[in-house]
Q: 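Structure in structure tokens, see below.
Since the model is a prediction, treat every value here as computed from it, not as a measurement. A note on names: the letters A, B, ... follow the listed sequences, proteins ahead of strands, and every chain is numbered from 1. Any value given below was found using the heavy atoms of this structure, including those in side chains, with hydrogens, waters and symmetry copies removed.
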Protein chains: 2
Amino acid sequence: MKKKVTLKQIAKELDVSVSTVSKALKDSPEIGQETIDKVKAFAKLYNYKPNNIAVSLQNRKTKNIAVIIPEIVHHFFTKVISGIEKHANERGYNVIVCLSNEDFEKEVINMETLANGSIDGFIISLSKGTQRKKDYHHLREVINQGMPLVMFDRVTDEIYCDKVVVDDGRGAYNAVRHMVRSGCKRIALVTTEEYLSVGNYRTLGYKNALEDAGIPIDEKLIVRIDDINCEKQIFELFRTQLFDGLLCVNEYFAVAALREARKRNIDVPRQLSIVAFSDGILAQNSFPRLTTVNQHGFEIGETSAKLLIDKLEEVEDDSHYRTEVIKTSLIERESTNPV
Amino acid sequence: MKKKVTLKQIAKELDVSVSTVSKALKDSPEIGQETIDKVKAFAKLYNYKPNNIAVSLQNRKTKNIAVIIPEIVHHFFTKVISGIEKHANERGYNVIVCLSNEDFEKEVINMETLANGSIDGFIISLSKGTQRKKDYHHLREVINQGMPLVMFDRVTDEIYCDKVVVDDGRGAYNAVRHMVRSGCKRIALVTTEEYLSVGNYRTLGYKNALEDAGIPIDEKLIVRIDDINCEKQIFELFRTQLFDGLLCVNEYFAVAALREARKRNIDVPRQLSIVAFSDGILAQNSFPRLTTVNQHGFEIGETSAKLLIDKLEEVEDDSHYRTEVIKTSLIERESTNPV
DNA sequence: TTTTAACACTCTAACGTTTTCGTAAGGGTA
DNA sequence: TACCCTTACGAAAACGTTAGAGTGTTAAAA
């Protein structure tokens, strides 16, 4: 077991000073070529690598960024992480992933433990707990300390910072419009509870599309699911209402609907069109495969990382904040009819 | 924007020395109660938090552990990460996630950049590239530096370290036995290419189960899929062979088979039983829902984190290595018949 | 011959902690 | 009065690095 070699040890071996070694390794013009060669050879021989921690302490940069997400067992977030990872790695940053598990407390704890030097900046998607509580003091605190923060997907207007959001409203609008054009007359919506920002935007898009198509909005066709009784609530929708189109705000709701449709011998897409938000593996592998609103999670991740690192590395800090809107796209598969 | 306050600043304000402040905050008996109270009050007022980096440098511990996995967009690995996160957080550690993207080079780079002080230990599942290349120098190097390393799932015998593996052989064995008992006579296997360790163990379990049941092994019923031509190879299997049972080493293969079966109007499970390895969302939401071999990814993560942190915190290092075998369990759903 | 400049280094401080060692003041004992 | 022991605190080194300021030698310019 050979321990890591330090500048000091190299310096002692070669009988030069620590600073000479440090500078030699950086090809400083202050150091003679001979010495540079000698030091480099020795460093390579002993496989010298600078200690990241010491470097971080010195220049108050860690080259780490933290990503705080509500859940990792969720296709959208893993896509985002992949995107963040890719961009961050390309620019020499490591990614620390923390899970809030949709819990306000854990989100706060996570941020506090990391904000003390471990990282240079945050990328966060708010937990349900935080959105419900509307308590953003931990975000404010971090920003006040001068640490850049980027929010994505689940954002809030109450905090000023860089943001990356999905064009949820337009995504829903386009999905509904597509169904209308393909012949649907009564389109239902399965969405989440109200405190979730994205659900609201999607609901709005849904309503606008219906209005523009001259179809009256029927509140009985809108069901807000509380996660726990998903199957039951969908069952109720099918039992009490008639409809020939269905927009679901995530793929879980959509496959549940697909299942219910099959039980009732409703043919998809002949008798019922279904479109799901988020193009995950479920949608891609269901039967029939689902037409989806792709949110481009990977791109969201890349963009978030870019915004954050740009801010970290920007020379003068003109602190104006940007909001990037990532366009959705409709992926037509087998659960809808062609227009 | 108020910058972080340091010990030095507190010391200056209160007109005491830095060491007094440091000790006071730790309730050192060396410091008088009055001073302790004064310092603590001031620290709280200014929201003092010790700088993690400085602390890390001081005691050569970062309280960070790195997890290197091949892919994050994969249910099994996200489960493992959740397990690691949970255990690590409970013991005060942060988790740095790195993706190798199944690539040998990236795995090496990741380890090298992190091994220089940023983290205290590694948890890794080998990339396909590494398993194909059989080059483990980067692992050896890390271990030689005295940094603990835990391997999970995709491991190698060539490296001595703590390991957490799934009982793949027995999992496959039990799955096949279950199908035999429920009446299957000809059971096929869809597995991966040979260099992947887990695939081999599963194949072995499959063969053993058949032997024990007195069923001859027919190599034509074993198909090794190269990831790219999945659908086509499964199509070929169905076209050329007759079988009433099918074991797939992952859920993607299984849903592909399900799809092919439906196209051919083969009823699952009446005419064909299917069991899939890894109990992910696909298996849980397919139609019919799949009977699976659950690998307990969350538990694997927890165990890996436990082994690593135990090693990190153990007082004397009796360096003997443990291999924990996580038992699989068969989750019976709708794609097999009851015994 | 003196001044200057280039060269090739070394010294020192700094980043923010922790920790060991030292020591002054005060009180008690012999 | 001399000695010792507490109590309460400070100084300094250390972790490993970087960077600016300083230094000694030599050679070229004035």
Side-chain angles (χ1 to χ4, degrees), chain A residues 3-40 42-43 46-64 113-120 145-147, chain B residues 3-40 42-43 46-64 113-120 145-147:
Chain A
K3 277 265 162 259
K4 302 246 63 175
V5 55
T6 67
L7 288 186
K8 195 189 284 187
Q9 289 162 34
I10 299 181
K12 193 195 279 180
E13 289 292 320
L14 296 181
D15 210 42
V16 292
S17 79
V18 172
S19 37
T20 301
V21 178
S22 172
K23 287 170 183 167
L25 290 172
K26 295 193 153 46
D27 282 313
S28 161
E30 285 181 57
I31 308 297
Q33 194 55 49
E34 242 181 282
T35 313
I36 290 185
D37 294 343
K38 192 173 60 176
V39 169
K40 282 196 174 173
F42 195 91
Y46 283 87
N47 192 29
Y48 169 79
K49 296 272 166 57
N51 180 310
N52 293 331
I53 295 292
V55 175
S56 294
L57 182 60
Q58 172 71 358
N59 48 222
R60 268 141 302 181
K61 292 256 162 68
T62 63
K63 290 273 184 176
N64 289 156
T113 60
L114 287 172
N116 299 105
S118 300
I119 56 150
D120 297 340
Q145 282 169 24
M147 182 170 290
Chain B
K3 276 266 163 256
K4 301 248 64 175
V5 55
T6 67
L7 288 186
K8 196 188 282 187
Q9 290 163 33
I10 298 181
K12 193 194 277 181
E13 289 293 320
L14 296 181
D15 211 40
V16 292
S17 77
V18 171
S19 38
T20 300
V21 178
S22 174
K23 289 169 186 168
L25 290 171
K26 295 192 153 45
D27 282 313
S28 162
E30 284 182 62
I31 307 297
Q33 195 55 50
E34 243 181 281
T35 313
I36 290 185
D37 294 342
K38 192 175 59 175
V39 169
K40 282 195 175 174
F42 194 91
Y46 283 88
N47 191 29
Y48 169 79
K49 296 272 165 55
N51 179 311
N52 293 332
I53 294 292
V55 176
S56 295
L57 183 59
Q58 173 70 356
N59 47 222
R60 268 139 302 179
K61 292 256 161 66
T62 63
K63 291 272 184 177
N64 287 159
T113 59
L114 288 171
N116 300 104
S118 301
I119 58 150
D120 297 340
Q145 283 169 23
M147 182 169 289

Q: CG of B:Asn52 versus P of C:dT17: gap in Å, rounded?
A: 10 Å

Q: Determine whether B:Val21 and B:Tyr48 make a side-chain contact, defined as any pair of heavy atoms from C-beta on separated by less than 4.5 Å.
A: no

Q: Nearest-Å distance, CG (B:Asp27) to P (C:dT18)?
A: 13 Å

Q: Can a salt bridge be assigned to the pair A:Asp120 and A:Arg60 using a cut-off of 4.0 Å between side-chain N and carboxylate O?
A: no

Q: Quick check: closest heavy atoms across B:Tyr46 and B:Val5, and the distance to 0.1 Å?
A: O-CG1, 3.4 Å

Q: How many whole angstroms separate atom CG of A:Asn59 from atom P of D:dG20?
A: 13 Å

Q: Remember a base hit wins even if backbone is also touched, and classify B:Thr6 as base, sugar-phosphate or nothing at under 4.0 Å, heavy atoms.
A: sugar-phosphate

Q: Between protein and nucleotides 7-9 of chain C, what N or O pairs are separated by less than 3.5 Å?
A:
{"unit_1": "C:dC9", "atom_1": "OP1", "unit_2": "A:Thr35", "atom_2": "OG1", "d": "2.7"}
{"unit_1": "C:dC9", "atom_1": "OP2", "unit_2": "A:Gly32", "atom_2": "N", "d": "2.8"}
{"unit_1": "C:dC9", "atom_1": "OP2", "unit_2": "A:Thr35", "atom_2": "OG1", "d": "2.8"}
{"unit_1": "C:dC9", "atom_1": "N4", "unit_2": "A:Glu30", "atom_2": "OE1", "d": "2.7"}

Q: Select one nucleotide: of C:dG16, D:dT18, C:dT19, the one nearest the side-chain heavy atoms of A:Val18.
A: D:dT18

Q: Counting only heavy atoms not in B:Lys49 (residues, nucleotides, ligands), do more than 12 fall under 6.0 Å from its NZ?
A: yes

Q: Less than 3.5 Å between a donor and an acceptor, one on the side chain of A:Ser22 and one on the base of D:dA19, is that the case here?
A: no

Q: Are any non-hydrogen side-chain atoms of A:Leu14 and A:Ile10 less than 4.5 angstrom apart?
A: yes

Q: Between B:Leu57 and B:Ser19, which has a closest nucleotide on DNA chain D that is more 5'?
A: B:Ser19

Q: Check the distance between D:dG16's P and B:Lys61's NZ and give it to me in whole angstrom.
A: 14 Å

Q: Using whole Å, what does the distance between atom C1' of nucleotide D:dA14 and atom CD of B:Gln58 come to?
A: 6 Å

Q: What heavy-atom pair brings B:Ser56 and B:Thr62 nearest, and what distance separates the two atoms?
A: OG-CA, 3.5 Å

Q: Ignoring backbone atoms, establish whether A:Lys8 has a side-chain N or O less than 4.0 Å from OP1 or OP2 of D:dC15.
A: yes

Q: Could you give the NZ-to-P distance, from A:Lys12 to D:dG16, as a whole number of Å?
A: 12 Å

Q: From CG of A:Leu7 over to C1' of C:dC11, roughly how many Å is that when rounded to an integer?
A: 16 Å

Q: Closest heavy-atom contact between A:Leu25 and A:Ala43?
A: CD2-CB, 3.8 Å

Q: In whole angstrom, what separates B:Arg60's CZ from D:dA14's P?
A: 12 Å

